[in-house]
**Q** 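What follows is a single structure, and I will ask about it in a moment.
On a predicted model such as this, the values are computed, not experimentally measured, just so you know.
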Amino acid sequence: MNQELKNTEKRKAEPLTNKEWFTFFIIPVNPNSRLNSKSANQIEYERYERFGFKKKMEQADTARIAGVLFYFFIILIAIIIYYIKL
């Protein structure tokens, strides 16, 4: 039982893998929100909440914010380039 508790605590402290972080970064919002369906990111985030993976939740939030900012700046740069060429 003691080893099981150690493993549980160890899993709670593990960070996101690169693949998990990249998924939250590339798809920061649910594209199917109008259809009331859940994306893989939402399901994964709810799993983190259910099992108490605080560190993964914090990193997922950070990856989402970074993803939104990334897309915002890409769109902003595209608009600037478009208006410069006019």
**Q** Starting at CD of Gln59, measure out to CE of Met57 and round the result to the nearest 0.5 Å.
**A**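 CE of Met57 is found 12.0 Å from CD of Gln59.
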**Q** Under 4.5 Å side-chain heavy-atom separation, chaining through any Ile, Leu, Val, Met, Phe, Trp or Tyr, what else clusters with Ile65? Say none if it is isolated.
**A**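 Under the 4.5 Å side-chain rule, Ile65 groups with Leu69, Phe72, Phe73, Leu76, Ile80, Ile84.
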**Q** Would you call Tyr71 and Ile26 a side-chain contact if the rule is heavy atoms closer than 4.5 Å?
**A**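 Result yes, sub-4.5 Å side-chain heavy-atom pair found.
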**Q** What's the separation between atom CG in Leu16 and atom CZ in Phe22, rounded to the nearest 0.5 Å?
**A**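 Here the rounded value is 14.0 Å.
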**Q** Can you list every pair that meets salt bridge (charged side-chain N to carboxylate O under 4.0 Å, His left out) and has a residue in residues 39-53, with sequence neighbours left out?
**A**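 For residues 39-53: Lys38-Glu46, Glu44-Arg47.
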**Q** Give every residue pair that meets the salt bridge (charged side-chain N to carboxylate O under 4.0 Å, His left out) criterion with at least one member in residues 53-74, sequence neighbours excluded.
**A**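 Those involving residues 53-74 are Glu20-Lys56.
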**Q** Classify the ring geometry between Tyr45 and Phe24 as parallel (under 30°), tilted (30 to 60°) or perpendicular (over 60°).
**A**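 Taking Phe24 first and then Tyr45, their aromatic rings stand perpendicular (interplane angle over 60°).
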**Q** Does atom CG of Asn18 have more than 12 heavy-atom neighbours from other groups under 6.0 Å away?
**A**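 Open: at most 12 neighbouring heavy atoms sit under 6.0 Å from CG of Asn18.
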**Q** How long is the gap from NZ on Lys10 to NZ on Lys6, to the nearest 0.5 Å?
**A**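 Nearest 0.5 Å value for the NZ-NZ distance: 11.5 Å.
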**Q** Of Val68, Thr23, Asn41, which is the lone residue that meets side chain to side chain contact (heavy atoms under 4.5 Å, CB included) with Pro28?
**A**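 Among the candidates, only Val68 passes.
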**Q** If you round to the nearest 0.5 Å, how far is CZ of Arg11 from CZ of Phe51?
**A**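 Output value for this atom pair is 8.5 Å.
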